[in-house]
Structure formats: C-alpha cells, structure tokens
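Working notes for the structure below.
The chains referred to below are lettered A, B, ... by the order of the sequence lines, with proteins before strands, and numbering in each begins at 1. Source: prediction; values computed, not measured. No hydrogens, no waters, no symmetry mates; every other heavy atom, side chains included, goes into these values.
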Amino acid sequence: MNKLSPQSSVLSPSTRIALIGGIYSNYQALVATLSDIAHRGADATYFLGDLGAFGPHPDRVPALLIERGIPGIQGNYEESLASGASDCNCGYTDPRDNVYAQLSYDYTSEHTSNAYKQWMGTLPKQLRLDVDRKRVLLSHGSPRRINEFLWRSTSPDPFLARLCDEHDADVIVCTHTGLHWHKALGDGCHVVNAGVIGRPANDGRTNVWYTMLTIANDDVAAEFIPIDYDHAALAREMREERLPEEFIETIETGWWTTCLEALPPKERARGRF
Amino acid sequence: MRALDTLWFQVAGTICNITCTHCFISCSPKNRSHEMLSLTDVETRLAEARLLGVRDYYFTGGEPFMNRDMLPILAATLRQGPATVLTNGMLLRKEVCAELRRLSDESEYSLDIRVSLDGFDRESHDAIRGAGVWDRVMIGFRNLADAGINPVITVTEAADGVGSNEGRARFLEIIRSFGFDKPRLKVLALFRIGAEETRTRAYESWERLTIDGMSEADADVLQCSTSRMVTSKGVYVCPILIEQSAAKMGETIAETLRPFPLAYGACHTCWVDGVSCRT
Ligand code: SF4
Ligand code: SF4
Ligand SMILES: [Fe+2]
C-alpha cells in the first residue's frame, strides 16, 4: 500500500516525509514546493487532497502530480468532482462563504477534464503508513470526515487523543482548514495539520506552507516550511481567468478575504478580516 | 449517537434575568426547575469529559452570567478545551468583558460568546424580550467591542427579513456600528435545519421527520447525535428536552452514551422550538 515499509527504518536513521496540503490550483506554488522538497531531500512525498479551488487552470496540478508520480489522497474537492456533485462540500455554513465556495467550485469543475475527474475518483480517501513502527494516518479533514475542520484552537488534546485511539494511529495528518499546526499529545501521539500551499496562511505574508514530517527513534517532528513562489504570476493568471478579485487579494496580500466564518474566534482574530 | 463531541452545561439552571415570550423552558428569575451549577460541579464533569475526549463545551441557561461562578467556570473549561457561552447580552459589564478577554488570551483554545437578538431594532427585539432589554444589550456590545471580543450575533430568520441578502447586509452594518470590524452574524432558520437550507426545504424535512425517513445528514444536525447536556439534576440527552424526565439518561456522562429511544418522536420540540438560547 505504501512505499515505506518498516525495513526502511533500518536503512536510514530517520524517515522524512514531505506533506503537501491543499493545492487549490496553485501550480506556481506546487512547482516551488516540489523543488524545495527535492533540494532538502525526503524519503517520500504525499499530497493530501483539494488539488483545485481558488486558482486558475485546474488541470495543471493533477498533470504535474501524475507526471512526477506523487501519491496522495482525495480531498472534498476530488470527492465532489469525481462524483459529479454540484458543490465542493467544503463544510461552510455561512451564506457568503458558500457563494465564494460555489464560484471556485463551478470554475474548477468546468475546467477540469473528465480524465482527471476519473483519476481523482481512484485516489484513496486515506493512506496508512508504517514508519519506524509509528502508525501514520493521512487524512484530508479528519480521519472521520473528509470535510471536518481541525483548527488548533478548537481541537483540544483529549479530543485528538480520542481520534488517534479510534483510528489506530500514532500520527494523524490532515489539512482542509488552511492553517498548519502540530500537537504532541501526552501519550506519544501526534496530530499535524500540514497547512496548504494553495493560499497564504492569513498572516499578511504571501508565502505558503508545506510540512516535513520526520520520524526517528520514536520521535516525531513536524517542520513547517515557508515557500515563496511567483504569486504575482498566479495573480495575473487569476485575473485573466476572471476569478473573483477577493481571491486575488488574498494571494497578493496574504490575508484571507473569504471563507472566514468557519474560523474559530482565536484564528479569526489574527487575520485582517 | 455518533460521538460525544459537545458537552452542554445548563450552567444557570432555568434562572434568567428576563422572561422572553418564546422561551420554551420558561426561564425566569424564579424558575428553580434546574439549579445553577457550581464550579465544583463543572470541574467534576470536565474530568469525566476529558476521559471521553470531548471536543467542545457550551454554556447556557437561563442566563449564564447570572451564575456568580461563571468566570472561574470558564477559566477551568478553557484549560481543557474551547468554550462557547450563549447569553442574552445584558450582564456584560466592563469588568466582565475585560476578564473574558484575559481568559481568552491565556487559553490556547477559543472562547466564543454568542448573543441572541430577536430583531434588529428596539421595537421588535423588546416585544419578545421585554422593555429596556435592547438598550442593555447595546451597552454589552460596546463593552465587548472595547475589550476586543468579537461575539457571534444570532438572529432568528423571522426577524424582519434578515434571511434575505439585503436584510443581512443591513444587519452587518448595524453590527459594525457597534464597533465590531469583523462582524459575525448567524441567522437561525425558524424551522431548524441545516443552516443554509431554505424554509420550504425545512418543511419537507419536517414531514420526513417521522422516524425512519431521516437521512444521515438530518440525523447529524440533531444535537442528540453528538452532544449531551449536564444540569443540576443529571445528564440529559440534549439541551432541548431538559424539562422531560424521560430525557434524563443518567448520572454520569459515560452511561448516557447510548442511543436515545425517544429521540425521533421528540424531534417536534427540537425542530420547532429548538431556536432561541440553544442554538
Ligand atoms: S430565551 Fe434565553 S434570555 Fe430569554 S428567558 Fe429564556 S433563557 Fe432567558
Ligand atoms: S429534541 Fe429529540 S431529536 Fe432533538 S436533539 Fe433532543 S433528543 Fe434529539
Ligand atoms: Fe478541503
């Protein structure tokens, strides 16, 4: 099922896994991320779903992932696109959030070729890795729901420990919210939200983030790596495609302008809007 | 029951400083049907909840800030997880707001304050909640804004067309005028269903709500599938049914983590009256 067998730990003192969260059709950021991963070196690279949304030309991301042979899992976007659903099932409840979510979904669906939609349907919804005797579970929203939001300020330790327990995992990896974090739970379990490379982390900076997970001798470390990329080029292409100016503003300023109501108070307070 | 994600506390019992006409558990200054919870009561429950992996904690009443222990209770809760308080907004004095801000800053978890309004002007609001309430709530808003706390303001859809886009926009402006630059508005459908569905759709669901026909999504929005309610009398199936003795499921939280046999028959209350201080 995966490339990492327990034996790989015999060969290398540590195992490094690069994790790419939501890509949101940000091809420029994906290229920059992959070259950073190549530069740093990783034993494996996985994507965590939501290849499309926000950005332009959604066919380019799957093309590149397939060309490079990078494995990964479905996000709510792939699940929706593959099944011909009429919306992204992002899990928003606010009407304004849903208006913008629908705009990106309709654009993405219209511009994704059928072959890629079918390929998305063949992706697993979760992946289990066995790394150095650590059971790593890759999921999109959470192990129990593809569109569950795991925010740091609303995911208390006892709850995360329950998820690890119920899903037989020592390390749970997720994305979907757009904000990265890592919690080491008291009992040796870890939950890592790998963040996203599709849009900035609502911090007023234009870079995006991916995650390098290092597992060695019972130790789990998550390094969040900022990636600068040609965001001006992305913004230009988004304008050419007439994508909403609000999305472009986020790419150019690093502040989220849409899908804000899903944010818990703590995360919301840190942003500009 | 799907999973115990949310634990509710009837922290002020059925004691409230006002008497809204639509309050389906008839809270009032004198209703002692459920008593206030003490800090110790809450701490005991938090210890149980920790073992069960609860995700978040909701506080309601009555009016939570009628409880003298409310701030220490929040402090204890925020050490363990995120907390949401449902309030009528009348007791948000300056010092209370400053303390809420301090508790929120000190915790790694989110503290959310939800203030319910029944309209976006004095007349419609006070017709339901009582004369003078609107003005007190406005002072509460100002104090929250001064303390840098950004509440969710919940309004029922019935109130003067807040369900429409123009209604929303108008109301968001009003919230901004209170001093909140990131207004958070939650419009509650009168018939409680998945938040963005329309009332027509709600009616269809309502009709389907006769036991077997429920879809999984419908069942998921019912509070009993992911939450339990702690009151001074024990642990209840949900925040809606605390006046039904059959809805008390046990003394400990753990023993209530089983399906609730009356659930679908009792949905009437849930869907029709579920709005107000419990959503
Ligand atoms: S609806 Fe809420 S504010 Fe009104 S009387 Fe009942 S508990 Fe009090
Ligand atoms: S009123 Fe009935 S259906 Fe609604 S949450 Fe309570 S038990 Fe469940
Ligand atoms: Fe997602």
Side-chain angles (χ1 to χ4, degrees), chain A residues 87 89-99 101-102 142-145 147-167 172 177 179 181-187 189 191 202 255-258 260-273, chain B residues 2-7 46-57 77-84 100-101 104-105 107-114 148-152 162-165 167-169 172 180-189 194-198 217 220-221 226:
Chain A
D87 63 58
N89 188 28
C90 289
Y92 302 131
T93 53
D94 184 75
R96 181 175 181 270
D97 286 356
N98 278 319
V99 166
Q102 195 63 47
S142 81
R144 59 185 194 170
R145 227 176 63 218
N147 67 354
E148 180 164 20
F149 292 106
L150 294 186
W151 306 101
R152 193 181 196 289
S153 84
T154 50
S155 303
D157 293 9
F159 166 67
L160 295 175
R162 161 156 71 98
L163 285 185
C164 290
D165 188 45
E166 286 174 354
H167 297 274
I172 289 175
T177 64
L179 298 180
W181 51 268
H182 169 209
K183 273 201 143 192
L185 309 173
D187 53 0
C189 291
V191 179
N202 199 20
W255 297 114
W256 294 0
T257 54
T258 59
L260 289 161
E261 300 309 321
L263 286 170
K266 227 177 230 309
E267 282 80 357
R268 182 79 185 263
R270 292 195 193 106
R272 178 188 288 173
F273 299 107
Chain B
R2 221 149 265 271
L4 182 64
D5 284 348
T6 300
L7 190 63
L46 287 173
E48 288 181 69
R50 163 174 279 276
L51 297 175
L52 297 170
V54 167
R55 189 183 59 192
D56 44 28
Y57 303 93
T77 306
L78 285 166
R79 281 194 284 276
Q80 183 161 313
T84 300
L100 290 173
R101 173 62 196 264
S104 154
D105 285 352
S107 174
E108 60 177 308
Y109 302 119
S110 274
L111 168 64
D112 217 353
I113 307 292
R114 286 202 197 169
I149 297 174
N150 189 17
V152 174
V162 281
S164 73
N165 280 339
R168 277 183 69 80
L172 286 170
F180 303 110
D181 58 350
K182 304 170 186 171
R184 301 169 71 211
L185 171 65
K186 200 175 154 86
V187 177
L188 303 172
E196 73 280 13
E197 293 168 285
T198 67
D220 264 355
V221 308
T226 53

Exercise. Please answer whether the main-chain N or O of A:L260 pairs with a side-chain N or O of B:K182 as donor and acceptor at a distance below 3.5 Å.
Key: no

Practice problem: Mark yes or no for whether B:S110, through its side chain, and A:K266, through its backbone, hold a donor-acceptor pair below 3.5 Å. | Solution: yes

So for [X], is it side chain, backbone, both, or neither that comes closer than 4.5 Å to the heavy atoms of chain A?
X      : value
B:L52  : backbone
B:L4   : backbone
B:D112 : both
B:P151 : neither
B:L51  : neither

[X] versus [Y]: any side-chain heavy-atom pair under 4.5 Å?
X      : Y      : value
A:S153 : B:P82  : no
B:R55  : A:S155 : no
A:P265 : B:R184 : yes

Exercise. May I have all residue pairs that pass salt bridge (Lys or Arg N to Asp or Glu O under 4.0 Å) and include part of residues 149-163 of chain A, sequence neighbours excluded?
Key: A:R152-B:E108, A:D157-A:K183, A:R162-A:E166, A:R162-B:D5

Quiz prompt | Residues in ring pair (Phe, Tyr, Trp, His ring centres under 6.0 Å) contact with A:W181, at least two apart in sequence or another chain | solution = none

Practice problem: Inspect the contact between B:R168 and A:D94 and indicate whether a charged nitrogen and a carboxylate oxygen are less than 4.0 angstrom apart. | Solution: yes

Practice problem: Answer with side chain, backbone, both or neither: which region of A:L150 has an atom nearer than 4.5 Å to a non-hydrogen atom of chain B? | Solution: neither

